Amino acid sequence: MNRTTINIAEYSFEYDESRGIITNSYGKNVSADVEKISNCEFSVLVDGKSFHIFFSTTQNSPNATVNNFIFEIQKETFRDKLNKKLHKESVNNNSITLRAPMPGLVTKILLLEGTAVNAGDGVLIIEAMKMENEIKSLHSGTIKKIFVQEKQTVEKNDQLFTIE
Amino acid sequence: MNRTTINIAEYSFEYDESRGIITNSYGKNVSADVEKISNCEFSVLVDGKSFHIFFSTTQNSPNATVNNFIFEIQKETFRDKLNKKLHKESVNNNSITLRAPMPGLVTKILLLEGTAVNAGDGVLIIEAMKMENEIKSLHSGTIKKIFVQEKQTVEKNDQLFTIE
Amino acid sequence: MPKIKKILIANRGEIAVRIHRSAKEMGIQTVAIFSDIDRTSPHVLLCDEAYPLNGVLSSETYLNIDKIISIAHKAKVDAIHPGYGFLSEKEFFAKSVTDAGMIFIGPKSETIEILGSKTTARDLLSKKNIPIVPGTTNPIDSLEEATKVAAEIGFPILIKASGGGGGKGMRRVDSSAELPNAIERARNEASKAFSDDRVYIEKYIVNPKHIEIQILADSKGNVIHLGERECSIQRRHQKVVEECPSTALTPELRSKMGQTAVDIAKAAGYINAGTIEFLLDANKNFYFLEVNTRVQVEHPITEMVYGIDIIKEQIRIAEGKSLSFTQNDVKINGHAIESRIYAEEYDNNFLPSTGTITHYQPSEGLGVRNDSGIRVGSEITMYYDPMIAKLITHGRTRDEAIEKMKRALREYKINGVKTTIPFCEMVLFHPEFINGNYDINFVAKHYLVPDAKINAQESIAIVTSFVSQKNTLPKLSDDKTLTVINSKWKNQLRNE
Amino acid sequence: MPKIKKILIANRGEIAVRIHRSAKEMGIQTVAIFSDIDRTSPHVLLCDEAYPLNGVLSSETYLNIDKIISIAHKAKVDAIHPGYGFLSEKEFFAKSVTDAGMIFIGPKSETIEILGSKTTARDLLSKKNIPIVPGTTNPIDSLEEATKVAAEIGFPILIKASGGGGGKGMRRVDSSAELPNAIERARNEASKAFSDDRVYIEKYIVNPKHIEIQILADSKGNVIHLGERECSIQRRHQKVVEECPSTALTPELRSKMGQTAVDIAKAAGYINAGTIEFLLDANKNFYFLEVNTRVQVEHPITEMVYGIDIIKEQIRIAEGKSLSFTQNDVKINGHAIESRIYAEEYDNNFLPSTGTITHYQPSEGLGVRNDSGIRVGSEITMYYDPMIAKLITHGRTRDEAIEKMKRALREYKINGVKTTIPFCEMVLFHPEFINGNYDINFVAKHYLVPDAKINAQESIAIVTSFVSQKNTLPKLSDDKTLTVINSKWKNQLRNE
């Protein structure tokens, strides 16, 4: 099946690649005059309204920028969608892993593995662009594992620690 | 022989591709810190002096732009150079062909084939960007052939007419 | 009083972008129109809405009134701004817009018509004692008539072709002895150039400066002027470098010429922004040339010096608002210069230069303004005017404005076409420009193809990067004397 | 009097470019220095000369005095401009420069030293009757002492950590009953954050505005001020949006605060440009905070309003010239606003956003200035400050400057990193900013993640272009209802 569902904010579209048709969630065919300017830059006219759209692949998922606001584009095939529905209940919600929100240097680990934490407690500090960023636990629980060490550089989305 | 001579204005350089050495006409090796920014854009430091160089291939020969001045780059291999020297005398200088200095529309042909012209006489008019450009003969003689017609569009460097 | 909520901008390039900006700052929605070439031009990308004109030639796009009015209806705009060029001075366009029930941001159709014809304009103004270049408006019929007219106005005189301009059929005559031969030659040239051998006579103004006065006139009868612009640096009778104020005007002369411009506007029942062009001779006599019944290309230098946004004033006037300031409120603040950046071969008689813009980084910083209609990827074609941008500098003094312009011209980076930047640099460095005594013969008298003498270091920079471009970067290890180097940072990235 | 002919700019980014521009306009040659990352940064491309610092970390590059002095000798410069940040407020750098026989463009080393320490600055100024936030400069030793101090200065008070800032170890206390517990908690926090549990007490200024005065002082003892800047819009104690003048200052208060700033400069024997920071409370009492002994990030708004180029004045003062204007010569002209553009996640607690700039087209037009240090291809790394540009607008009125800023923020196009532009837009549209009554708690009180609610048309634009990007452009012929279209012009080119 070569149909793909594309989600942007609250909007959902279905793209049928073989037939070349984009349909929105209300079943209406979508209409636009698209002109590619460069690999990352498009001009799009929708009912006369002019949009200057940029794409970026530097972040973990594809992003579109319109008027300096950045929107994530989520793509899923029909199979993904089905799988998600079927397995929704079996996802393990007991353990939560926090990932690095930006690249940087781990300058300090504030809490040890096994420590009990409350939501909002600082767990470690990442330094980037001359600023110290305290990475806080979003949940209460126990620190099960810390994946990084002091003085270690991390990339965006690297695993930092797991709370159980 | 994979040596190339590169001429820019009054300067001449020899580039030995196999050895990767650039030598100027005085036999000194040339020294610079070159950093490519994009396909057409370079930053070059020569003894600390900073140059921002652009290349363009839209013109008939390669051009380099420095500080908004444009310099043609002439390349010739040793064989070209030899050939030129040997055949210099046999080049036919009796007939001169004028080419279109820019793309445009031929709006008017002012003189007929066979007419005698003086250097500076207008021969035809090319309209481009709302402006009429009178194309003048640079030499005195007779118009041997006109290659274009009124209402014809021409590209840059298309043959316009020959003076003998 | 009608509040304008949405404007269609009936133009392209930098002026379309310029109008968009002021409209947005007033909370007005903007509608762009575009030819096939302009689908992704800055004015299309910036405006709130954009509609195709379908075609390339001016006649089928930006000059096509039917298409423009039809889009204006579809987009439900209240008003149309014509910019300059294209339809801006066509009285029938102004009429079509108002007939369609929309506001035309410019003078009334009748005003454009009267001032658009040299004959009717001269007739109107000569009645009001406005100084006009002495001469005939109608063609001269005989040598006798020519001799009589020449005697009346005094030598030197200028013979001009009735059929067209551009210097063809134009002859300066210094004495009555030269007259018969000069008329014959002028007629021959005019006949060849325009298939029309009629000529007329004007007084030849020796070494004049081109001085123009910016006026603003509201619909309540208030008319003020915003001083002068000097536009004497011209090539092919087109302005390239302008400044405000002019070094030639004393406050008294400014006031006198300004008042004359206001009188002309009042005589014509003028409403909206306009420019009155004059020639100013060495003895500070000034002569009316013509009225430009639209925003002028060089309006930004007046904006920088007087602190007034002329496009916003045009829109307010079109809404029926009164001017919010009087003549006494407007004051000169510093000095401004504009350099027009044309896609032209600066070293080859200003022939148009076409191509794709592969790099574009205009100058920035305190007192520097760039009004541009291009971006990286723009195609500069032969279909439209070759002016791609205007670089404007403002300083506390004329010296500072000049030094700023020199800096800004050098900082300007554009690749893909040749431009007039080296020409403008030549002007800004020329002693005759610096001392302010230049006149409209500046280019004829002083223009040398800008000195593109390259130095040894520049030539090394070009050659080494040219070699790098060909992907034949010399290997460092091969020869110690060779030093075409990549910086460490990039090498580091490559090794990852 | 030494005429400076060549300057080394000991900085990077927008301020290096900024300094280069003014120097060039004064006919001065410029020398850039660069870390490995900055080999092709704008300041390197623009300056006349550029030399490598070899390295990436600040400590091995822009903070390395030995390397910088060595390059300065090699390039034979007369003077060094430190910009802001990096070495600009290190008295030992100023000393190294003068010891090396060159001019340091900034205050004397001793002045920087005295004003750089909160303790010595307070000691100096309290003798001169300068209003300072009441409190202790030395750490408090006991609860008894704290109680005594609090009673003297009156509640509310603020407990602050001696070991460092950033809000850590900081506690507001409203009554003596809260004091013991608050001190204990503050000590604990300070100990954790700085391994130093010492704290001191200051009066808590309720909802103050951050107001700073720009001063210029020449070596002849002439000191003038260029009015104030309001910098109350801060996140993480860093300014983001600033304006000049402040809505809170009457001409009388401006004159009073200006005179106080001049008094401070004179007391410190200050020479060159400097900024005196104050807190202004709701009752218009103002308290000295600190002196920034270098050019300020937000200096452009003062330049736009007062028409004075602060960098040029710094250079002239460093050459030993007298100020060319008096306090009476400087006048307010209109209103200016600055929006700092940081590479930060506007929707995620202002975390740094790194990446490659794939598109960059800053706003332009009348009254818009963009001071930037990046270009297409720039790598925004975690090594340096995330501020990539400053967008400044100037209008005849505050309203016009605001409308212009809204327009300019919307026009700004940058791709590759997230920026603070949506944050700045939120500020410019906020009623509390528009009415001018905001204070330094604005972000804490009012900041909501900017509303990125997308409309149906925007979502269609994104989806259709996203599909195009994947090179899976739908074929027009397959299905009539589908209308992802290429413009004719491009198709035409493709067929050729």
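Just so it is clear, the model here is predicted, and its values are computed rather than measured. Sequence lines set the chain letters: A, B, ... in the order given, protein chains first and strands last, and positions in each chain run from 1. The figures here come from the full heavy-atom set of this structure, side chains too, leaving out hydrogens, waters and symmetry mates.
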**Request:** Please round to the nearest 0.5 Å and tell me the distance separating atom CG of C/L351 and atom CD1 of B/I126.
**Result:** 9.0 Å
**Asked** Between B/T153, B/D16, B/N68, B/N24, which residue shows the highest count of heavy-atom pairs closer than 4.5 Å to chain C?
**Response** B/N68
**Asked** Which atom pair, heavy atoms only, marks the closest approach of C/Y346 to B/F69?
**Response** OH-CA, 3.5 Å
**Item:** Nearest-0.5 Å distance that lies between atom CZ in B/F71 and atom CD1 in C/I462
**Value:** 5.5 Å
**Asked** What's the spacing between B/N67 CG and C/Y412 OH if we round to 0.5 Å?
**Response** 15.5 Å
**Asked** Quick one: does B/Y11's side chain have a donor or acceptor within less than 3.5 Å of a partner on C/I460's backbone?
**Response** no
**Prompt:** With a 4.5 angstrom heavy-atom cut-off, which part of C/E411 approaches chain B: side chain, backbone, both or neither?
**Reply:** neither
List, one per line, each side-chain donor-acceptor pair under 3.5 Å for residues 39-47 of chain B, sequence neighbours excluded.
from	atom 1	to	atom 2	distance (Å)
B/E41	OE1	C/H359	ND1	3.4
B/E41	OE2	B/H52	NE2	2.7
B/S43	OG	D/R39	NH1	2.7

**Prompt:** Does CD belonging to B/Q149 count more than 12 external heavy atoms closer than 6.0 Å?
**Reply:** no
**Request:** Work out which heavy atom in C/M382 is nearest to a heavy atom in B/G104; give both atom names and the distance.
**Result:** SD-CA, 3.1 Å
**Request:** Report the distance from atom CD of C/Q457 to atom OG of B/S50, rounding to the nearest 0.5 Å.
**Result:** 11.0 Å
**Request:** Apply salt bridge (Lys or Arg N to Asp or Glu O under 4.0 Å) to C/E364 and list each qualifying residue two or more places apart in sequence or on a separate chain.
**Result:** none
**Message:** Tell me the closest heavy-atom pair linking C/V463 and B/F13, and the distance in Å.
**Reply:** CG2-CD1, 3.2 Å
**Asked** In Å, rounded to the nearest 0.5 Å, how long is the span from CD1 of C/I414 to OG of B/S56?
**Response** 11.5 Å
**Prompt:** chain B heavy atoms under 4.5 Å from C/I421: which part of the residue, side chain, backbone, both or neither?
**Reply:** side chain
**Prompt:** So do the side chains of C/S465 and B/F51 get within less than 4.5 Å of each other, counting heavy atoms only?
**Reply:** no
